[in-house]
S.K.: 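I have a structure here, written as structure tokens, and I will follow up with some questions on it.
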Amino acid sequence: MAANFWTSTHYRHWLHPAAALSHTRFAARATDAATLGATPAELATIPRSAAAFLVTAARKAGLRARVASTAAVYFARFYTRSPYTATDPRLLAPVALYLAAKAEEHTVPAKTVVAAAAAHYTPSAAGEKYPYTVADVVRTEFTLAAGLHFDLIVWSPHRDLPGLAGSGSGGGGVGAGGGAGGAGGVADLLPVAWAVLNDAGGGADVLLLFPPFVLAAAAVVVAGCLAGRDMSAWVDGLGLADSEGGGSGRGG
């Protein structure tokens, strides 16, 4: 694993300016719309459903939250170029969790993710059951890894969140691999911030647009706002402006 976020494949290949991300995905979503006859709003429910599955399945399997987060990143990356109609998201979601568990060194049997997917994806009114098996998950694992160009290391915002509880009142900056300064007084906010990060997969675009330590800081700010705190001074102390950057974005 790269010791510095700025030298990682996550930064160099998989962060996109918003306009570039929209451009990259345009052809795939146009194919989906034409093939499925679906509206953009209807297509947007697909990653949200997958994110809900990943969080629920990971929890039931006793996996760490960052496994679900990594799986959500895999899912979002894969479909930046690939249409949903080319690889069924109902299959790719459990495959993403299966592969992410391996990458995070917290493996789970393929039959466990298949059973979770069968429970999550509601059978059709015609009585159709979940159509995929353990063999399908194992076979599609390589398809997913290849679609990710085998860039399987994901810098998770969950990794940066504990560092934001450090003492100190100003300066120091925040950055992946470099810890955080200016984070005094937020330790009590971390449980809520952690829950915010767990829900972030539903807005999968943020996983492709922003560095993980920015997402971690944003989660703390949300937690602070929910607690009625003014977080502006804390944000100023992080020095995020000094850590901004954008990857070239290979995009799938």
S.K.: Identify the heavy atoms of A68 and L97 that sit nearest to each other, and give their distance.
M.R.: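 Reported closest heavy-atom pair: CA-CD1, 4.4 Å.
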S.K.: So which heavy atom on L190 is nearest to which on P162, and how close?
M.R.: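 Minimum heavy-atom separation between L190 and P162: CD1-CA, 4.3 Å.
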S.K.: Evaluate the side-chain proximity of P94 to F53: yes if any heavy-atom separation is below 4.5 Å, no if none is.
M.R.: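 The answer is yes, as the side chains (C-beta and beyond) meet within the 4.5 Å cut-off.
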S.K.: Apply the test side chain to side chain contact (heavy atoms under 4.5 Å, CB included) to residues D160 and L215: give CA-CA distance (whole Å), side-chain angles for both, the deciding distance (0.1 Å), then the verdict.
M.R.: CA-CA 9 Å; D160 289 290; L215 298 179; over 6 Å; no
S.K.: What heavy-atom pair brings L21 and T80 nearest, and what distance separates the two atoms?
M.R.: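 So the two residues come closest at CD1-CG2, 3.9 Å.
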S.K.: Within the distance-only criterion (no hydrogens, no angle test), does the side chain of T24 pair as donor or acceptor with the backbone N or O of A20 below 3.5 angstrom?
M.R.: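 Yes: the side chain of T24 pairs with the backbone of A20.
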S.K.: Between R12 and T7, is there a donor-acceptor pair closer than 3.5 Å when you use the side chain of the first and the backbone of the second?
M.R.: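 Yes.
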S.K.: Using modelled atom types only, decide if a donor and an acceptor are shared between the side chain of T39 and the backbone of E42 within a distance under 3.5 Å.
M.R.: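 Side chain of T39 to backbone of E42: a pair is present.
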S.K.: Could you tell me whether the side chain of D32 and the main chain of T85 form a donor-acceptor pair under 3.5 Å?
M.R.: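 Looks like yes, one N/O pair under 3.5 Å.
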S.K.: Step through it carefully: locate the ring centre of F213, locate the ring centre of W6, and say whether they are under 6.0 Å apart.
M.R.: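 Ring-ring flag for F213/W6: true, centres closer than 6.0 Å.
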S.K.: Would you call the rings of Y121 and Y130 parallel, tilted or perpendicular if under 30° counts as parallel and over 60° as perpendicular?
M.R.: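 Taking Y130 first and then Y121, their aromatic rings lie parallel (interplane angle under 30°).
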S.K.: When rounded to the nearest 0.5 angstrom, what is the spacing between CZ in R25 and OG in S82?
M.R.: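 If I round to the nearest 0.5 Å, the distance is 13.0 Å.
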S.K.: State, to 0.1 Å, how close S156 and P212 come at their nearest heavy-atom pair, and which atoms those are.
M.R.: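 So the two residues come closest at C-CB, 3.8 Å.
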S.K.: Which residue is it: L164, V220, L226? I am looking for the one with a side chain to side chain contact (heavy atoms under 4.5 Å, CB included) to L189.
M.R.: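 Going through L164, V220, L226 one by one, the side chain to side chain contact (heavy atoms under 4.5 Å, CB included) with L189 is satisfied by V220 alone.
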S.K.: Please walk me through it: do W234 and V221 pass side chain to side chain contact (heavy atoms under 4.5 Å, CB included)?
M.R.: CA-CA 9 Å; W234 181 80; V221 171; 3.8 Å; yes
S.K.: What distance separates L238 CG from M231 CE, expressed to the nearest 0.5 Å?
M.R.: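 So the CG of L238 and the CE of M231 are separated by 8.5 Å.
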S.K.: Mind listing the closest non-hydrogen atom pair of L144 and A96 along with its distance?
M.R.: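 Smallest interatomic distance, heavy atoms only, reads CD2-CA, 3.5 Å.
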S.K.: Counting C-beta onward and ignoring hydrogens, is there a side-chain heavy-atom pair between H120 and S49 closer than 4.5 Å?
M.R.: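 Yes, their side chains come closer than 4.5 Å.
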S.K.: Give every residue pair that meets the salt bridge (charged side-chain N to carboxylate O under 4.0 Å, His left out) criterion with at least one member in residues 102-119, sequence neighbours excluded.
M.R.: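 Residue pairs passing salt bridge (charged side-chain N to carboxylate O under 4.0 Å, His left out), neighbours aside: R66-E104, K102-E141.
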S.K.: Check step by step if side chain to side chain contact (heavy atoms under 4.5 Å, CB included) holds for L208 and L15.
M.R.: CA-CA 5 Å; L208 304 176; L15 286 188; 5.8 Å; no
S.K.: Could you grab the distance from atom CG of L148 to atom CG of L99, nearest 0.5 Å is fine?
M.R.: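 Answer rounded to 0.5 Å: 7.0 Å.
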S.K.: Got a second to check how far S8's OG is from I153's CD1, nearest 0.5 Å?
M.R.: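 That separation rounds to 9.5 Å.
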S.K.: Cluster question for you: counting only ILVMFWY and a side-chain heavy-atom cut-off of under 4.5 Å, with indirect links fine, are I46 and V55 together?
M.R.: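 Result: no, two separate clusters.
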S.K.: To the nearest 0.5 angstrom, please state how far the SG atom of C225 sits from the CG atom of D230.
M.R.: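 The CG atom of D230 is 8.0 Å from SG of C225, to the nearest 0.5 Å.
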S.K.: Atom NE2 in H23, atom NE2 in H16: separation rounded to 0.5 Å?
M.R.: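 With rounding to 0.5 Å, NE2 (H23) is 12.5 Å from NE2 (H16).
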S.K.: What's the shortest heavy-atom distance between A216 and L161, and which atoms?
M.R.: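 Closest pair (atom of A216, atom of L161, distance): O-CD1, 3.8 Å.
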S.K.: Could you work out, with ring-ring contact (aromatic ring centres under 6.0 Å, His included) as the rule, every residue matching Y79, not counting sequence neighbours?
M.R.: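 Per chain and number, Y79 pairs via ring-ring contact (aromatic ring centres under 6.0 Å, His included) with F75, Y84.
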S.K.: Could I get the full list of side chain to side chain donor-acceptor pair (under 3.5 Å) partners for R229, not counting sequence neighbours?
M.R.: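 R229 satisfies side chain to side chain donor-acceptor pair (under 3.5 Å) with D188 only.
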S.K.: Can you confirm whether V95 sits close enough to T143 that some side-chain heavy atom of one is under 4.5 Å from a side-chain heavy atom of the other?
M.R.: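 Counting from C-beta outward, V95 and T143 never come under 4.5 Å.
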S.K.: If we only count heavy atoms from C-beta on, is the L43 to L36 side-chain gap below 4.5 Å?
M.R.: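 Yes; the side chains approach each other to less than 4.5 Å.
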S.K.: What verdict does the side chain to side chain contact (heavy atoms under 4.5 Å, CB included) test give for R139 and Y132, after you've listed the backbone C-alpha separation in whole Å, the side-chain angles of each residue and the deciding distance to 0.1 Å?
M.R.: CA-CA 11 Å; R139 181 174 59 252; Y132 300 108; over 6 Å; no
S.K.: List in chain and number order the residues that pass side chain to side chain donor-acceptor pair (under 3.5 Å) with T45, two or more places apart in sequence or in another chain; answer none if no residue qualifies.
M.R.: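 Partners of T45 under the side chain to side chain donor-acceptor pair (under 3.5 Å) test: none.
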S.K.: Between W155 and R159, is there a cation-pi geometry (under 6.0 Å to ring centre, at most 45° from the normal)?
M.R.: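 The answer is yes, since R159 meets both limits relative to W155.
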S.K.: Given side chains that start at C-beta, do those of F78 and L92 come closer than 4.5 Å, heavy atoms only?
M.R.: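 Yes - at least one pair of side-chain heavy atoms lies under 4.5 Å apart.
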S.K.: So, T31 side chain and A27 main chain: donor-acceptor pair closer than 3.5 Å or not?
M.R.: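 Looks like yes, one N/O pair under 3.5 Å.
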S.K.: Quick one: ring-ring contact (aromatic ring centres under 6.0 Å, His included) partners of Y74, sequence neighbours excluded?
M.R.: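 Y74 satisfies ring-ring contact (aromatic ring centres under 6.0 Å, His included) with no residue once adjacent residues are dropped.
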S.K.: Quick one: list whatever passes side chain to side chain donor-acceptor pair (under 3.5 Å) with T133, sequence neighbours left out.
M.R.: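 If we apply the side chain to side chain donor-acceptor pair (under 3.5 Å) test to T133, skipping adjacent residues, the hits are D136.
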